[in-house]
2 protein chains.
Amino acid sequence: MEYQNNLIETQINKKLAELTHAQKDRLAFIDFSLQFFGHVARTDLIQRFKTGLAASTRDFSTYKELAPDNLILRHQTKSYHRTDDFQSIFKHDPEVILTSLSRGFGNGISTGVQPSEQCFDAVRLIHPNVAIIASIMRAIHNKQGVKCGYVSVSSGETERAIVPHSIVNNGHRWHVRAYDRKHNSFRDFVCTRFTYVDLIQGPVHVHEASPYDQQWQQIVDIELVPHPKIKQPRAIEMDYNMSDGKLSIQLRAAVAAYVLRQWQVDCSVDHSELHLGCQLALANPEVIKLIENISLAPGIA
Amino acid sequence: MEYQNNLIETQINKKLAELTHAQKDRLAFIDFSLQFFGHVARTDLIQRFKTGLAASTRDFSTYKELAPDNLILRHQTKSYHRTDDFQSIFKHDPEVILTSLSRGFGNGISTGVQPSEQCFDAVRLIHPNVAIIASIMRAIHNKQGVKCGYVSVSSGETERAIVPHSIVNNGHRWHVRAYDRKHNSFRDFVCTRFTYVDLIQGPVHVHEASPYDQQWQQIVDIELVPHPKIKQPRAIEMDYNMSDGKLSIQLRAAVAAYVLRQWQVDCSVDHSELHLGCQLALANPEVIKLIENISLAPGIA
DNA sequence: AAACAATGCAATCATTATGATTGCATCTAA
DNA sequence: TTAGATGCAATCATAATGATTGCATTGTTT
């Protein structure tokens with residue numbers, strides 16, 4: 001039966017590949033609505049994609065061809081309902097699903113966002129400026145430097161040239177990883193602290209590019225366990241899907257300290273840094289030797 | 001000139017509204033690529049949407065009709081380049097943009113995710129099970145209760161019936177806001193702690209629904225300032241886009257403590273709770289009287 | 001200098017997808 | 001029993017798309 005299910009799945013994928021992009025989007029919408037709302041009607045499809053009646057009916061027919069056991073029409077409610085045998089015909093990533101549930105199905109750009117009244121993503125307190133992000137992204141993509149104004153916590157506003165290679169969300173804010181020509185080293189720059197960003201037309205030197213960013217290239221193994229002082233470690237083990245009471249993750253050394261801070265991991269050797277909200281402890285503290293900005297993490301002497 | 005630009009914008013929106021959904025998606029892709037990468041070619045469009053050559057050429061023609069000053073064809077690079085006068089013809093939300101930059105342009109379901117090598121969203125350590133999310137979401141959408149197994153930190157694994165009304169990301173994990181029939185009150189349940197979820201066919205009582213969830217319905221005004229012990233408050237004020245050195249946000253009382261915890265806001269009255277990573281202080285501590293689960297926030301006696 | 005290759009374009013024609021209309025089926029409400 | 005609102009299939013018209021041809025522009029190879 002496992003073999004037969006895999007065969008059917010392959011045939012479904014083959015048929016999906018033969019469809020146009022627009023058709024595929026509409027079938028994904030039907031599949032998504034059935035799975036997460038339990039029902040879907042022609043009017044839902046028409047409302048979302050602005051198609052005609054006939055096209056919607058054909059879309060449902062196509063979906064029924066692909067997965068006849070997934071849905072059943074109930075004239076009482078005038079809509080299709082998800083069956084108990086439902087098997088999604090699209091692959092799902094939990095974060096992508098939750099994004100779609102909170103913002104609405106779609107890319108969020110063509111037709112904007114439709115905020116949900118039932119699913120709410122995390123509250124964001126920091127909103128980078130789109131024009132700044134766009135300038136930085138174009139510099140990264142075209143391997144260029146930028147001349148910018150920047151307000152740092154330590155030295156106020158300065159002007160400098162940097163060569164950015166990545167934009168990263170550290171859990172609280174978005175920052176740029178870049179080579180700083182002022183300090184001749186790779187550093188992080190918070191996106192909201194740029195006062196202006198102008199692309200530089202000149203060349204970028206090899207040592208200013210990401211392959212020479214040692215902390216960026218270094219991958220470290222982080223091992224996390226439920227904090228030893230927690231009485232019910234099983235709930236924590238479930239949360240983090242731990243195996244043998246442990247979660248191992250590979251992170252770039254440049255990013256690791258931010259992750260430890262965001263998740264409030266106790267990094268002290270004797271696990272003495274237990275404070276409010278702390279559920280995890282670092283099981284391999286020797287790894288902190290590989291992380292230059294480790295002082296950002298909790299529990300570092 | 002401001003008036004004339006608004007008139008042009010209205011005309012662009014009118015023309016966009018006349019296009020089919022698929023056409024709009026492709027124009028959004030062109031616009032997005034120009035803004036964030038600085039250039040786009042026919043092959044990019046074909047690769048992303050699997051269209052034919054002629055359709056791509058027509059798409060570029062349509063885009064040029066709408067925004068002739070946005071792009072210019074350079075035969076040397078055989079692609080279109082963003083001009084200095086570029087004005088996006090689609091509205092942008094920073095978070096949506098950053099999601100698209102990190103996961104690729106699209107809904108992430110029809111054709112999956114294309115992880116970027118230049119833009120990285122926050123590392124997630126907790127991944128809810130899609131089947132559990134789907135069951136809970138169907139219960140919420142159809143106003144039903146669920147019978148579930150749940151592993152709590154305090155009492156281990158129990159079986160209970162709940163009536164969920166919302167799914168919320170508290171900054172670290174996704175949880176369900178639901179009426180707990182076991183304790184006869186509204187509570188939060190971490191999504192990764194469910195062992196099973198079955199929908200209940202029976203009725204839901206009025207007092208079990210979200211209008212009776214007082215903490216959910218109560219909106220509280222949170223006022224945040226840079227922590228008084230920070231020497232360079234200007235960078236912090238820029239980060240949080242503060243006005244007059246202050247950021248005011250409206251949050252549901254049920255969610256507020258999580259936000260204060262995630263952002264490590266010092267809630268102590270005398271601002272004595274300054275620890276690593278703390279940049280903000282609560283300017284109106286009297287608000288904590290309205291928040292039942294305020295003990296989750298830092299600095300509460 | 002000429003030929004080739006790879007992008008771009010427009011025009012034309014064929015194919016496919018979509019939209020409108022008509023007639024019918026199912027269910028609920030009046 | 002009738003009306004209304006969903007669903008369907010079939011038919012025909014329209015719009016979007018795909019393939020092909022010829023041309024323009026630029027860089028590379030011969």
Side-chain angles (χ1 to χ4, degrees), chain A residues 14-31 33-34 37-83 110-111 142, chain B residues 14-31 33-34 37-83 110-111 142:
Chain A
K14 194 167 180 250
K15 284 177 173 173
L16 281 174
E18 287 167 6
L19 297 170
T20 67
H21 195 270
Q23 290 168 322
K24 216 167 166 178
D25 271 0
R26 298 197 301 265
L27 296 195
F29 176 80
I30 292 172
D31 193 77
S33 298
L34 287 170
F37 304 131
H39 58 86
V40 65
R42 257 186 1 182
T43 50
D44 296 322
L45 200 58
I46 291 164
Q47 234 169 27
R48 180 60 191 79
F49 292 95
K50 307 289 185 248
T51 57
L53 278 172
S56 293
T57 301
R58 280 191 287 260
D59 289 334
F60 277 100
S61 293
T62 305
Y63 187 88
K64 276 188 278 181
E65 270 182 36
L66 292 170
D69 295 333
N70 275 8
L71 70 175
I72 187 165
L73 175 62
R74 283 205 202 129
H75 282 289
Q76 297 96 321
T77 58
K78 296 168 181 170
S79 66
Y80 283 95
H81 287 259
R82 174 188 177 275
T83 62
S110 308
T111 50
N142 301 306
Chain B
K14 192 165 180 256
K15 283 177 174 173
L16 280 174
E18 286 165 8
L19 297 171
T20 67
H21 193 271
Q23 289 168 323
K24 215 168 167 178
D25 271 359
R26 299 196 302 264
L27 296 193
F29 177 80
I30 292 171
D31 193 77
S33 298
L34 286 169
F37 305 131
H39 58 86
V40 64
R42 256 183 4 179
T43 49
D44 297 322
L45 200 55
I46 291 165
Q47 233 168 30
R48 179 60 190 80
F49 292 94
K50 306 290 183 249
T51 55
L53 278 173
S56 292
T57 302
R58 281 190 287 258
D59 288 334
F60 276 101
S61 292
T62 304
Y63 188 87
K64 276 188 278 179
E65 270 183 34
L66 293 169
D69 296 333
N70 275 9
L71 70 176
I72 187 166
L73 175 61
R74 282 207 202 127
H75 281 289
Q76 296 94 325
T77 58
K78 297 171 179 170
S79 65
Y80 282 95
H81 288 257
R82 173 187 178 276
T83 61
S110 308
T111 51
N142 300 306

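Letters A, B, ... mirror the listed sequences (proteins, then strands); counts begin at 1.
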Legend entry - Least distance between heavy atoms, Leu34(B) atom then His81(B) atom: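 Smallest interatomic distance, heavy atoms only, reads CD2-C, 3.9 Å.
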Give one of base, sugar-phosphate or nothing for [X], where a contact means two heavy atoms less than 4.0 Å apart.
X	value
Arg74(B)	nothing
Thr77(B)	nothing
Ala54(B)	base

Can you check the [X] [atom1] to [N] [atom2] distance for me, whole Å?
X	N	atom1	atom2	result
His39(A)	dT6(D)	NE2	P	15 Å
Arg42(A)	dT6(D)	CZ	P	9 Å
Asp59(A)	dG7(D)	CG	C1'	15 Å
Ile46(A)	dA5(D)	CD1	C1'	13 Å
Lys24(B)	dA16(D)	NZ	P	14 Å
Glu18(B)	dA15(D)	CD	P	13 Å

Inset, instruction - Kindly indicate, with the supporting measurements, whether the criterion side-chain hydrogen bond (donor to acceptor under 3.5 Å, both in side chains) is fulfilled by Thr20(B) and Gln23(B). - result: CA-CA 5 Å; Thr20(B) 67; Gln23(B) 289 168 323; 3.1 Å; yes
Inset, instruction - May I have the step-by-step check of side-chain contact (heavy atoms from CB on, under 4.5 Å) for Arg48(A) and Thr111(A), ending in yes or no? - result: CA-CA 9 Å; Arg48(A) 180 60 191 79; Thr111(A) 50; 3.8 Å; yes
Extract from the structure each pairing of a protein N or O with an N or O of nucleotides 25-28 of chain D at less than 3.5 Å, listing the distance.
none

Inset, instruction - Would you kindly compare Thr20(B) and Ser79(B) by the position of their nearest DNA chain C nucleotide and give the one closer to the 5′ end? - result: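 Per heavy-atom nearest nucleotide, the more 5' residue is Ser79(B).
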Legend entry - Residue whose closest nucleotide on DNA chain C lies nearer the 5' end, Phe60(B) versus Leu53(A):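 Its nearest nucleotide lies further toward 5', so the answer is Phe60(B).
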Legend entry - Donor-acceptor under 3.5 Å (Ser56(B) side chain, Leu45(B) main chain):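 Such a contact is absent between Ser56(B) side chain and Leu45(B) backbone.
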Legend entry - Validation row: His75(B), Leu73(B) side chains within 4.5 angstrom (heavy atoms):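 Yes. Closest side-chain heavy atoms under 4.5 Å.
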Inset, instruction - Evaluate the side-chain proximity of Phe29(B) to Asp59(B): yes if any heavy-atom separation is below 4.5 Å, no if none is. - result: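 Asp59(B) vs Phe29(B): side chains apart.
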Legend entry - Name of the residue among Arg74(B), His39(B), Lys64(B), Arg42(B) meeting side-chain contact (heavy atoms from CB on, under 4.5 Å) with Tyr80(B):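 Output: one option passes, namely Lys64(B).
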Inset, instruction - Would you sort out whether Arg26(B) and His21(A) count as a side-chain hydrogen bond (donor to acceptor under 3.5 Å, both in side chains), showing the intermediate values? - result: CA-CA 10 Å; Arg26(B) 299 196 302 264; His21(A) 195 270; over 6 Å; no
Inset, instruction - Please find the earliest and latest nucleotides of DNA chain C, in the 5' to 3' direction, that have an atom within less than 4.0 Å of any heavy atom of chain B. - result: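 Under 4.0 Å from chain B, the extent on DNA chain C is dA6(C) to dA10(C).
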Legend entry - Presence of donor-acceptor pair under 3.5 Å, side chain of Arg58(B) and base of dG18(D):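 Side chain to base: pair present.
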Legend entry - Asp44(B): partners by salt bridge (charged side-chain N to carboxylate O under 4.0 Å, His left out), with sequence neighbours left out: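 By the salt bridge (charged side-chain N to carboxylate O under 4.0 Å, His left out) rule, Asp44(B) matches no residue at all.
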